[in-house]
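Here the structure comes first, spelled out in structure tokens, and everything after it is commentary.
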Amino acid sequence: MPDFPDRPPRWLPAARIGLVVFLAQIPLLSLVRFELTPAVPGRTGAAAVATLLFLPPACVLLQAATGGRRPRHTGLLLGFVTLVVLGATPVVGVDWLASYYLLITLVLVQLRPPWSLVSAALLAVSLVLLPLAMGHPGHVLFFGIGGPMIGLSAAVLIWLLVAVVRLRDSRAELAAEAVLAERARAGAEITATLGAPLARLAEGATAAARLVGTDSPGAAVRVRELAAVSRQSLAQARRLVSRYRRGPLRAELDTAVALLAAAGIPARLELPAGPLPEPEEAELARLRAELAARLARPDLTECVITVRANGSLSVTG
């Protein structure tokens, strides 16, 4: 059986980009609110400068987090974003607290527990206390509830995307291990089948070489033994090569079930009564192609391989 690549779902790249865009638009749309309905007028310019400073590194961190990675200098990038967001708060005013939503998401997905939870909790508490300290108690519910809800919800979505990526990688690794195990089994079978005859052939050839040019009656015996072992080894080699060139149907089916099981897909065989048929090579090629398509589907829950008495094969699921 060939190595089947476990391709990522088609929607995964779009989901990663869409999540980053969704989180990035929150501070950008807040700039519109700074201009149209500001709690403290005249702070739009300062808010725009601060947004342009922290948003690019924040997007880098978010894009890496949606793929389950930590970029180089993660600590420096996160520290810079935190410094800009917190440092701009007394300058810009209470409307700037919407930028804390993105910061809550970043600390949850980039810091390791328990520091991620502690940092997110401190930011959530600050969204309740800061409006009071700035003299805007009417904003407490808006920021105190909205900030933690949006920040935590975005972090959960990122964790789900990371789980999909890791599941894909695990399935690919398990499938590769199954293929390696099949190759090891084939190597062991070749060694067990041809190892001893080839060793006898080499010993017989050495003994016959010593008797070349002599009139010893043992020379003819050695040559006959060598010819017999050679014919036996050649016949075994031909049978073995023929099996692996075409592959017995049972071996193909067992390997297919092993690959599906390694990918976490339960599989079962439906076989005809009596001996298995010998399908055409085209049928086996179609079976492999259908299995490759099934392995690429992340939503597959069960697979059934059917063998009919006429030699036709089908995969359902």
Side-chain angles (χ1 to χ4, degrees), residues 17-66 70-71 73-160:
I17 295 174
L19 187 54
V20 173
V21 171
F22 166 74
L23 291 172
Q25 59 84 30
I26 295 177
L28 291 176
L29 288 181
S30 296
L31 295 178
V32 179
R33 187 165 48 83
F34 272 97
E35 187 65 27
L36 298 180
T37 58
V40 181
R43 307 292 174 87
T44 305
V49 171
T51 300
L52 291 177
L53 285 175
F54 87 84
L55 194 55
C59 289
V60 171
L61 292 170
L62 285 172
Q63 182 65 21
T66 57
R70 288 172 59 87
H73 312 299
T74 297
L76 292 177
L77 292 174
L78 185 58
F80 177 77
V81 172
T82 304
L83 181 63
V84 173
V85 172
L86 298 183
T89 302
V91 177
V92 180
V94 70
D95 290 319
W96 181 249
L97 295 182
S99 300
Y100 282 50
Y101 301 177
L102 183 55
L103 188 56
I104 290 175
T105 301
L106 286 177
V107 298
L108 283 173
V109 299
Q110 289 294 351
L111 295 181
R112 293 184 174 89
W115 301 112
S116 59
L117 300 176
V118 171
S119 301
L122 291 175
L123 289 171
V125 171
S126 69
L127 289 176
V128 176
L129 299 180
L130 286 175
L132 296 174
M134 294 178 180
H136 297 278
H139 290 72
V140 170
L141 289 179
F142 180 78
F143 291 115
I145 296 178
M149 286 183 60
I150 293 178
L152 180 59
S153 299
V156 170
L157 290 177
I158 291 176
W159 290 330
L160 290 175

When rounded to the nearest 0.5 Å, the distance separating CG of L123 from OG1 of T82 is 7.5 Å
Distance col, row L53:CG vs F80:CZ, nearest 0.5 angstrom, shows 5.0 Å
Can you find a pair of side-chain heavy atoms, one from L111 and one from L78, that are under 4.5 Å apart? yes
Worked verdict on T51 versus L28 for side chain to side chain contact (heavy atoms under 4.5 Å, CB included)
CA-CA 8 Å; T51 300; L28 291 176; 4.1 Å; yes
L77 and P71 have their tightest heavy-atom pair at CD1-CG, 4.5 Å
Strictly distance-based, threshold 3.5 Å: is any side-chain N or O of S153 a donor or acceptor partner for the main-chain N or O of I150? no
- Task: Measure the acute angle between the ring planes of H139 and F143, then classify it against the limits of 30° and 60° as parallel, tilted or perpendicular.
- Result: parallel
Any non-hydrogen side-chain atom of T89 less than 4.5 Å from a side-chain atom of Y100? yes
Give a yes or no on whether the backbone of T74 and the side-chain of Q110 come within a donor-acceptor separation of less than 3.5 Å. no
Can you tell me how the ring of F34 sits relative to the ring of W96, calling it parallel under 30°, perpendicular over 60° and tilted otherwise? tilted
Scanning both residues in full, the closest heavy-atom pair of L55 with P27 reads CD1-CG, 3.9 Å
Only one of L62, V85, I26, V81 passes side-chain contact (heavy atoms from CB on, under 4.5 Å) with L102, and that residue is L62
For A50 and V84 the tightest heavy-atom approach is O-CG1, 3.5 Å
Taking every heavy atom of A155 against every heavy atom of T105, the minimum-distance pair comes out as N-CG2, 4.0 Å
CG of L36 to CG of L31, rounded to nearest 0.5 Å, is 11.0 Å
Taken to the nearest 0.5 Å, the spacing of S99 OG from F54 CZ works out to 4.0 Å
- Got a donor-acceptor contact below 3.5 angstrom from the Q25 side chain to the F22 backbone? yes
In this structure, CD of Q63 is separated from CG of L23 (nearest 0.5 Å) by 11.5 Å
Tightest non-hydrogen contact, residues L152 and I104, listed as N-CG2, 4.5 Å
To the nearest 0.5 Å, atom CD1 of I145 lies from atom CG of L127 at 11.5 Å
Of all heavy-atom pairs linking V128 and G144, the shortest is CG2-CA, 3.9 Å
Between the side chain of R43 and the main-chain N/O of V91, is any donor-acceptor distance below 3.5 Å? yes
task: Please assess L129 against V140 for the test side chain to side chain contact (heavy atoms under 4.5 Å, CB included), listing each intermediate value before the final yes or no.
output: CA-CA 8 Å; L129 299 180; V140 170; over 6 Å; no
